[in-house]
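Shown next, in structure tokens, is the structure this report addresses.
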Amino acid sequence: MSPIVISFSLLALAIGLLVADLFLPTAGIVLVLSLLCAAASVLFGFRHSYDFGIGLLIFELALVPIFALIFVKLWPKTPLGRRMIIEPEKAESFHWEADTLVGRVGITLCDLVPAGDIEIEGRHWDATSRVGLIAKGTQVKVVAEEMGQLYVLPVSGPLPIPLPKTSGSANKESLLDRPAEDFGIEQLD
């Protein structure tokens, strides 16, 4: 058989293997076989003549960016590509559930020092205590949600005075400006 026929046959096999690699989960094995067939095609081209080998090498190198573009554009649309690439959700379809938990009662799964895990209706959530340490197994009530963070207070026992709500920058009162009696702390004598 002529080196030209072998060269073109190997080139056709290399292109066929590249196309097969689009649809088969081969972990790159078929791609490597395709590259080996392309290299062998160039070697057989050089056996025929130097000019034919150089021409075939330039042709194959020109095909590399074309096949790379085809892979990038076409592969995500194949059945294998659709299973491997996760499409992002549209922002309008996203619903943050934490804001619906305000007022619900749950139980602490660990000591809240001041943050930890709580369980509400069988689901685990990250929460922060508004009163400091809350022991594991204590029932807590979600009193606020700010930027996805749940804030809880224990259901039983003395509840602290809630933080003052301020509008804008006017009249911002610090917790350090309030007397200790407001928090249920006894005087030190």
Side-chain angles (χ1 to χ4, degrees), residues 1-102 104 106-129 136 142 144-152 168-169:
M1 214 192 290
S2 151
I4 292 177
V5 173
I6 295 173
S7 182
F8 281 129
S9 299
L10 286 170
L11 180 60
L13 181 61
I15 292 171
L17 288 172
L18 274 176
V19 172
D21 194 45
L22 275 173
F23 300 101
L24 300 174
T26 62
I29 294 170
V30 173
L31 180 66
V32 170
L33 289 175
S34 174
L35 293 174
L36 290 174
C37 286
S41 169
V42 170
L43 289 175
F44 275 100
F46 276 112
R47 280 189 149 189
H48 174 69
S49 74
Y50 179 77
D51 291 337
F52 184 74
I54 291 291
L56 195 59
L57 179 64
I58 291 171
F59 176 74
E60 287 182 13
L61 289 177
L63 287 179
V64 170
I66 294 169
F67 275 110
L69 182 65
I70 290 171
F71 265 56
V72 168
K73 293 292 184 182
L74 186 63
W75 188 72
K77 295 175 182 151
T78 64
L80 179 64
R82 282 194 302 268
R83 280 185 276 168
M84 294 188 72
I85 297 175
I86 299 172
E87 290 293 323
E89 287 186 36
K90 301 247 186 246
E92 300 88 40
S93 68
F94 179 75
H95 174 69
W96 181 251
E97 296 178 51
D99 57 354
T100 63
L101 297 175
V102 175
R104 295 201 183 165
I107 191 162
T108 59
L109 299 173
C110 62
D111 291 340
L112 300 186
V113 196
D117 291 330
I118 64 171
E119 181 179 326
I120 300 174
E121 297 175 1
R123 291 190 59 195
H124 293 224
W125 298 91
D126 187 37
T128 301
S129 166
K136 176 182 178 181
V142 179
E145 179 271 332
E146 296 171 7
M147 295 177 53
Q149 180 63 44
L150 298 177
Y151 291 93
V152 296
S169 61

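All residue numbers in this chain count up from 1 along the given sequence.
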Pairwise distance [atom1]([X]) to [atom2]([Y]) - rounded to 0.5 angstrom:
X      : Y      : atom1 : atom2 : result
Cys37  : Leu11  : SG    : CG    : 9.5 Å
Ile118 : Arg104 : CD1   : CZ    : 11.5 Å
Leu112 : Lys136 : CG    : NZ    : 12.0 Å
Leu31  : Phe71  : CG    : CZ    : 6.0 Å
Ile6   : Leu43  : CD1   : CG    : 12.0 Å
Asp126 : Asp117 : CG    : CG    : 6.0 Å

Heavy atoms only: give me the nearest [X]-[Y] pair and the separation to one decimal.
X      : Y      : result
Thr128 : Ala115 : OG1-CB, 3.9 Å
Arg47  : Pro3   : CB-CB, 4.2 Å
Ala14  : Ala38  : CB-N, 3.8 Å
His124 : Glu119 : NE2-OE1, 4.1 Å

Please report, to 0.1 Å, the donor-acceptor pairs under 3.5 Å made by any side chain of residues 50-60, with sequence neighbours excluded.
unit_1: Glu60; atom_1: OE2; unit_2: Ser41; atom_2: OG; d: 3.3

With a sphere of 6.0 Å drawn around OH of Tyr151, does it hold more than 12 non-hydrogen atoms of other residues, nucleotides or ligands? yes
Can any side-chain N or O of Ser9 pair as donor or acceptor with the backbone N or O of Val5 at less than 3.5 Å? yes
